[in-house]
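Working notes for the structure below.
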Amino acid sequence: MVERIWLDVPYAQKDEAKRAGARWDPGAKRWYAPCEGMTGLARWTAAPDVPDLLPGEDRTLGSGLFVDLVPSSCWFTNVRSCVAPQDWERLRRMITRRAGMRCEACGASEDRQAGRWLEAHERWVYDAPRRVQALKRLICLCTDCHTVTHFGYAQVRGLAAQAFAHLVMVTGMGPGQARQHIDEAFALWQHRSAVTWSLDLSILTGAGITVTPPPHARNRPGIAAAALTSTETARTPPAARRATSVPRQGLPPGASPSP
């Protein structure tokens, strides 16, 4: 078999790469150049693979499925917004490969017909005295588990009931336990959201990933608020539009999910 000339093609650029002659390997789940010298594909030339263990990464941090809310002052200024699209593709590929192409929380594989994808999720530690939010692990989650993890954003998107049901199913919690878990997660979230955090992405720079300097700590809350308002405006009928800065705790009115 002829060795593939692999490419680093971000998902958003796949159609453009395909028009330029790139081909898809369904087994490797990766784009490649069918022959050498295709200058139209030069922009997607593959960089070296990211190591399976990032320098300083803690692979034991945050195992299983749980609600893991990012402080509102930090929304929409995450890893993906600080690295180039090709570098994010390299990271995503490493994360899914080392997880055996399965969700690390529930064990599910990708299912395109069901709308279930494998996605990268960030695990953070928060140094309150220094007000630093440090990336310490990247984990592979399926779409359903990822939605549970970001339960506040699930509420904004109208997916709270589905997320609640998935949390109960995967963890084996009873509905009461799950509600208590969510309430405790929101209490911690409110405490952390009162702090303006700086971002530490040193485990990426140590692995050769170029990181665009993240927004200054004082600017991150404003970026988060603007992005959230834009998200809500896009999904809410004009007559009912409202700007919401704090997600509702628990479940939407009238929702009564069962295990």
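Start at 1 with the first residue, then count along the sequence.
Residue I203 comes nearest to R137 through the heavy atom pair CD1-N, 4.2 Å, listed as atom of the first residue, atom of the second, then distance. Between G152 and F186, the shortest heavy-atom contact is CA-CZ, 3.9 Å.
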Inset, instruction - Go through the steps for V79 and W124 under the test side-chain contact (heavy atoms from CB on, under 4.5 Å), then give the verdict. - result: CA-CA 11 Å; V79 171; W124 305 91; 4.2 Å; yes
Legend entry - E16 vs R19, salt bridge (Lys or Arg N to Asp or Glu O under 4.0 Å): CA-CA, chis, key distance, verdict: CA-CA 5 Å; E16 187 178 356; R19 288 193 295 269; 5.4 Å; no
Inset, instruction - Test S109 against M101 for side-chain contact (heavy atoms from CB on, under 4.5 Å), laying out the working first. - result: CA-CA 6 Å; S109 59; M101 302 304 294; over 6 Å; no
Inset, instruction - Apply salt bridge (Lys or Arg N to Asp or Glu O under 4.0 Å) to D15 and K18, showing your working. - result: CA-CA 5 Å; D15 292 337; K18 184 177 180 179; over 6 Å; no
Inset, instruction - Dump the intermediate steps for side-chain contact (heavy atoms from CB on, under 4.5 Å) on L138 and L204, then the final yes or no. - result: CA-CA 10 Å; L138 289 167; L204 299 182; 4.2 Å; yes
Inset, instruction - Evaluate the criterion side-chain contact (heavy atoms from CB on, under 4.5 Å) for residue pair M94 and L54; output intermediate values, then yes/no. - result: CA-CA 10 Å; M94 179 275 287; L54 301 172; 4.1 Å; yes
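One distance of note links CD of Q133 with OG of S198; it measures 9.5 Å at 0.5 Å rounding. Put simply, CG on L188 and CG on L69 are 8.0 Å apart, with the number rounded to the nearest 0.5 Å. Annotation: the span from S202 atom OG to K136 atom NZ amounts to 6.0 Å, rounded to 0.5 Å. Rounding to the nearest 0.5 angstrom, the gap separating the CD atom in Q86 from the CD1 atom in I209 is 11.0 Å. Atom CG of L41 is separated from atom CZ of R23 by 10.5 Å, given to the nearest 0.5 angstrom. Rounded to the nearest 0.5 angstrom, E57 CD and L135 CG are separated by 7.5 Å.
Not counting sequence neighbours, the partners of H121 by the side chain to side chain donor-acceptor pair (under 3.5 Å) test are D68, R123, H146, H150. For D52, the salt bridge (Lys or Arg N to Asp or Glu O under 4.0 Å) criterion is met by R97, not counting sequence neighbours.
Under a hydrophobic clustering in which Ile, Leu, Val, Met, Phe, Trp and Tyr are joined whenever their side-chain heavy atoms come within less than 4.5 Å, directly or via other members, I139 and V83 fall into different clusters.
Sequence neighbours left out, the pairs with a member in residues 27-61 that pass ring-ring contact (aromatic ring centres under 6.0 Å, His included) are W24-W31.
At least one donor-acceptor pair closer than 3.5 Å links the side chain of E104 to the backbone N or O of C140. A donor-acceptor pair under 3.5 Å is formed between the side chain of H181 and the backbone N or O of V67. A distance-only check finds a donor-acceptor pair linking the side chain of R30 to the backbone of L7 [under 3.5 Å]. At distances below 3.5 Å, not a single donor-acceptor pair connects side-chain atoms of Q13 with backbone N or O atoms of P10. A donor-acceptor pair under 3.5 Å links the side-chain atoms of R90 to the main chain of P48, judged by distance alone. T147 places no side-chain N or O within 3.5 Å of a backbone atom of A154 that could act as its donor or acceptor partner. With hydrogens and angles ignored, the 3.5 Å screen pairs a side-chain donor or acceptor of D8 with a backbone N or O of A47.
Using a 4.5 Å heavy-atom cutoff, the side chains of V9 and E89 are not in contact. In this structure, V170 and D144 have side chains that are not in contact, with every pair of non-hydrogen atoms separated by 4.5 Å or more.
Dense packing is recorded around CZ of R43, with more than 12 heavy atoms of other residues, nucleotides or ligands lying under 6.0 Å away.
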